[in-house]
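Since the structure comes first, as structure tokens, the remarks are kept for the end.
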Amino acid sequence: MSTATMTSTGRLTASELKAQEKAAKAAEKARQKRIAADEKAERKRAAKNGFSNPANPTRSIGLTVVCAIFAIYCLFPFAYLMINATKTQADFTSTFGMGFGKTFALWDNIVTVFTYQDGIFGRWFINTILYVVVGAGGATLLAIMGGYALAKFRFPGRNLCFAIIIGAISVPGIALAVPQFLLFAKLNLTNTPWSMIIPSLVSTFGLYLMWIFSDQAVPDELLEAARVDGAGEFRTFFQISLPLLAPGIVTTALFAIVATWNNYFLPLIMLKDSNWYPLTIGLNQWKDQASTAGGQAIQNLVITGSLITIIPLVISFLCLQKYWQSGLAAGAVKE
């Protein structure tokens with residue numbers, strides 16, 4: 001087929017293809033130059049104005065020193081636990097607090113913690129897991145469903161619910177401990193696991209957090225599109241909304257887990273039977289053992305038990321931090 005025929009049928013000749021390829025390369029090269037120039041100008045602007053830029057981070061000696069001091073302040077208790085968990089009781093009382101003892105007794109301390117008083121520490125650990133899984137898990141679930149409903153549905157009394165939630169957040173939890181104790185005493189639920197689980201199911205801050213997050217993270221257009229396609233409310237919630245709420249769910253869950261795991265005052269007034277103690281009350285009982293008549297000082301076991309106690313929280317944060325992100329729905333809907 002001749003060149004003229006190829007041109008007449010709409011096909012390009014070899015010279016024309018080469019010309020177009022050369023023009024495309026030149027346009028791409030010019031685009032890369034413009035991008036490089038824009039990035040260079042942005043770095044100069046950021047350096048001049050002091051704004052942070054990943055390609056040109058602002059360096060400040062003062063800010064670095066402040067962050068280093070804050071990091072040391074946060075890590076100091078953990079370092080203290082790590083060091084003193086390796087000491088025997090004799091070394092704990094005779095050596096410097098941030099120095100190692102003569103004997104490395106970490107494994108012996110761990111074994112003794114789980115065997116002391118017929119292994120009561122293991123029972124306390126299981127109790128704490130129970131309170132966290134049922135209490136904090138239930139609080140997270142209720143906060144997710146309640147926050148989503150308040151954010152995406154309109155019903156009478158919605159503004160009143162908002163006012164009640166804000167008012168409940170402003171009330172400190174310790175102020176409710178005595179009324180809760182009197183209520184549970186009337187119901188004969190004190191000194192039972194329910195006295196720990198039921199109050200833990202209510203998380204007003206988690207409900208407020210999920211309300212605000214649901215309102216921002218789940219576009220109404222996505223819900224309308226799902227309803228037009230015939231999806232019910234439950235299917236829309238579990239298949240469309242729930243994945244978008246993952247960062248808020250993780251944040252709410254972490255707050256609930258930490259609050260329940262570290263809860264001290266509520267079990268102190270609700271529980272009398274040591275078999276239902278969580279770790280916080282149990283370790284405090286061991287700490288006060290030395291002050292009782294004929295009591296034995298076991299600070300090394302208290303320190304080791306405290307170290308074991310924080311390990312699940314550290315693991316929870318490390319495992320859940322990858323879900324702690326925002327903007328998952330960014331760009332999902334064209335306004």
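- Under a cut-off of 6.0 angstrom, the local environment of CD1 in Ile174 is sparse, with at most 12 non-hydrogen atoms contributed by other residues, nucleotides or ligands.
- For the residue pair Asn109 and Asn300, a side-chain donor N or O sits within less than 3.5 Å of a side-chain acceptor on the partner.
- Each of Thr103, Thr93, Leu106, Thr95 was compared with Lys87 under the side-chain contact (heavy atoms from CB on, under 4.5 Å) criterion, and only Thr95 meets it.
- Note that CD1 of Ile303 and NZ of Lys287 are 10.5 Å apart. Values are rounded to the nearest 0.5 Å.
- Smallest separation of non-hydrogen atoms from Phe153 and Glu233: CZ-OE1, 3.5 Å.
- Taking CG from Asn275 and CG from Asn127, the interatomic distance works out to 8.0 Å, rounded to the nearest 0.5 Å.
- Note on Phe100 and Leu81: same hydrophobic cluster, where clusters join Ile, Leu, Val, Met, Phe, Trp and Tyr whose side-chain heavy atoms are under 4.5 Å apart, directly or indirectly.
- Between the side chains of Gln285 and Gln289, no donor-acceptor pair is found at a separation under 3.5 Å.
- Annotation for Cys161 and Leu150: closest pair CB-CD2, 4.1 Å, computed over non-hydrogen atoms.
- Atoms CG and OG1, on Leu245 and Thr252 in that order, are 9.5 Å from each other to the nearest 0.5 Å.
- Between Phe184 and Trp194, a ring centre-to-centre spacing not shorter than 6.0 Å is recorded.
- With 3.5 Å as the limit, one finds a donor-acceptor pair spanning the side chains of Trp286 and Gln117.
- To the nearest 0.5 Å, atom CD of residue Gln299 and atom OG1 of residue Thr88 are 11.5 Å apart.
- With 3.5 Å as the limit, one finds no donor-acceptor pair spanning the side chains of Asn263 and Tyr131.
- Summarising the geometry, atom CD1 belonging to Ile61 is positioned 11.0 Å from atom CG belonging to Leu63; distances are rounded to the nearest 0.5 Å.
- Taking Lys152 as the reference, Asp220 meet the salt bridge (charged side-chain N to carboxylate O under 4.0 Å, His left out) condition, with sequence neighbours excluded.
- The number of heavy atoms from other shown groups lying within 6.0 Å of CZ (Phe114) is above 12.
- Within a 6.0 Å sphere centred on CZ of Phe92, other residues, nucleotides and ligands contribute more than 12 heavy atoms.
- Applying the ring pair (Phe, Tyr, Trp, His ring centres under 6.0 Å) criterion to Phe205, with sequence neighbours excluded, gives Phe255.
- No salt bridge links Glu21 with Lys18; every basic N to acidic carboxylate O contact stays at or beyond 4.0 Å.
- Shown here are the ring pair (Phe, Tyr, Trp, His ring centres under 6.0 Å) partners of Tyr148, two or more places apart in sequence or in another chain: Phe237.
- In terms of heavy atoms, Ala136 sits closest to Thr260 at CB-OG1, 3.8 Å.
- Heavy atoms of other residues, nucleotides or ligands lying less than 6.0 angstrom from CZ of Arg235 number 12 at most.
- Within a 6.0 Å sphere centred on CZ of Phe155, heavy atoms belonging to other residues, nucleotides or ligands number more than 12.
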